[in-house]
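Side chains included, hydrogens not; waters and symmetry mates left out as well; all remaining heavy atoms used.
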Amino acid sequence: MILLAIDTVADLCTACVWDGDPQRELGRCVRDIGKGHAEVLMAVIDEALAAAGRTYADLGAVAVAVGPGSFTGIRVGVAAARGLALALSVPSAGVSTLDALAEDARAAFPGRAVLVALDARREEFYVAAQGPDTAAPAEPRRVQLPEAVALARQGRPVLAGSGAATVAQAAGGGFDLAAQAATADIATYARLAARRGFSGERPRPLYLRDADARPQQGFALPRKDA
């Protein structure tokens, strides 16, 4: 199966084309844009397809990073994945950012447990503790720094994610650190999706906190009589 994977949860806007058998990447496009994923995502996908020598007609499935991460970025990626899957009549699936970062960390430190900690700002972290394999990943949570430190001190796992260094320092140091990034390599999302298969359930955003921007409550313009 030829799989398209896309990731818009952080500053990067990325896509790759993956061959599920024999498990290899055919082409990718990675742009560090910060914001504005909606404006460039389709061009990124087109570039990845061109690099792979494939077209949309070759795709058998679509995978997408579902967060946690940027509220707007997640929404852009998930909407694009759903739309492409519907237009192409192929299945789609979501992969957690925390799962993908843990997968990268285990590749760098085989046989080790992993604690992924993403900096959620406001002195909070998105965390997930995972064992040496993916058999029983922990539920993702939003926690304060003291709780993240307590998790890190349980067995001294490898720390990964954009908040890893902060947690390691607060816990007294001496930890092995994997990639300290806000998202994983795009091929990791493709590989995880291909490994897990496609159940038919559409991808859904993984939000661990409400959006910062909210509609005003109880606000109404004064009514004008004709």
Side-chain angles (χ1 to χ4, degrees), residues 1-20 25-52 54-103 118 126 128 134 137 139-140 142 182-215:
M1 177 191 295
I2 303 299
L3 165 72
L4 172 70
I6 58 179
D7 174 18
T8 57
V9 303
D11 288 348
L12 299 180
C13 186
T14 67
C16 86
V17 181
W18 182 266
D19 189 345
E25 182 183 312
L26 301 178
R28 70 166 59 194
C29 177
V30 178
R31 296 187 189 179
D32 190 347
I33 64 171
K35 298 181 180 180
H37 296 81
E39 287 77 12
V40 301
L41 177 57
M42 297 312 297
V44 166
I45 292 172
D46 287 343
E47 189 170 328
L49 286 168
R54 297 293 193 274
T55 69
Y56 284 101
D58 296 314
L59 298 178
V62 180
V64 59
V66 296
S70 161
F71 184 90
T72 302
I74 294 170
R75 186 171 56 189
V76 167
V78 170
R82 287 185 175 187
L84 285 170
L86 179 63
L88 298 171
S89 297
V90 300
S92 57
V95 178
S96 161
T97 309
L98 298 167
D99 285 353
L101 282 165
E103 179 79 359
L118 292 176
Y126 301 134
T134 59
E139 287 296 319
R142 187 180 86 242
T183 190
D185 185 79
I186 185 59
T188 304
Y189 291 102
R191 184 168 59 251
L192 280 176
R195 182 194 303 165
R196 293 172 176 177
F198 295 83
S199 65
E201 182 177 354
R202 295 191 304 172
R204 298 181 178 180
L206 177 57
Y207 298 135
L208 297 181
R209 182 166 63 199
D210 292 337
D212 292 333
R214 300 180 184 178

>> Quick one, Thr97 with Tyr189, criterion side chain to side chain contact (heavy atoms under 4.5 Å, CB included). Give me CA distance, side-chain angles, the key distance, then yes/no.
In response: CA-CA 8 Å; Thr97 309; Tyr189 291 102; 3.4 Å; yes
> What's the verdict on side chain to side chain contact (heavy atoms under 4.5 Å, CB included) for Leu206 and Tyr126, showing C-alpha distance, side-chain angles and the deciding distance?
Replying inline: CA-CA 11 Å; Leu206 177 57; Tyr126 301 134; over 6 Å; no
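With values rounded to the nearest 0.5 angstrom, Thr14 atom OG1 is found 10.5 Å from Asp32 atom CG. From Ile45, atom CD1 reaches atom SG of Cys16 across 11.0 Å, with rounding to the nearest 0.5 Å. Summarising the geometry, atom OG belonging to Ser89 is positioned 12.5 Å from atom CG belonging to Leu59; distances are rounded to the nearest 0.5 Å. The structure places SG of Cys13 at 10.5 Å from CE of Met42, a figure rounded to the nearest 0.5 Å. Note: Asp19 CG to Arg54 CZ = 7.0 Å, rounded to the nearest 0.5 Å. Annotation: the span from Arg195 atom CZ to Thr188 atom OG1 amounts to 9.5 Å, rounded to 0.5 Å.
Considering every non-hydrogen atom in both Ser92 and Ala81, the closest pair reads CB-O, 4.3 Å. Between Leu118 and Pro68, the shortest heavy-atom contact is CD1-O, 3.8 Å. In terms of heavy atoms, Val95 sits closest to Leu192 at CG1-CD1, 3.8 Å. Taking both residues in full, the closest heavy atoms of Ile74 and Val66 are given as CG2-O, 3.4 Å, listed atom of the first, atom of the second, then distance. Closest approach of Ala52 to Val17, counting heavy atoms only: CB-CB, 3.7 Å. Residues Pro91 and Gly60 come closest through the heavy atom pair CD-O, 3.3 Å.
The side chain to side chain contact (heavy atoms under 4.5 Å, CB included) test applied to Arg82 returns Val78, Arg202, Pro203, Arg204, not counting sequence neighbours. Listed by chain and residue number, nothing satisfies the salt bridge (Lys or Arg N to Asp or Glu O under 4.0 Å) test with Asp11 (two or more places apart in sequence, or in another chain). Remark: Arg28 pairs with Glu25, Asp185 by the salt bridge (Lys or Arg N to Asp or Glu O under 4.0 Å) rule, at least two apart or across chains.
Side-chain atoms of His37 and Val9, non-hydrogen and from C-beta on, never get closer than 4.5 Å to each other. Asp99 is listed as a side-chain neighbour of Arg196, based on a closest heavy-atom distance under 4.5 Å.
Under the 3.5 Å distance criterion, the side-chain polar atoms of Thr8 are matched with a main-chain donor or acceptor of Gly73.
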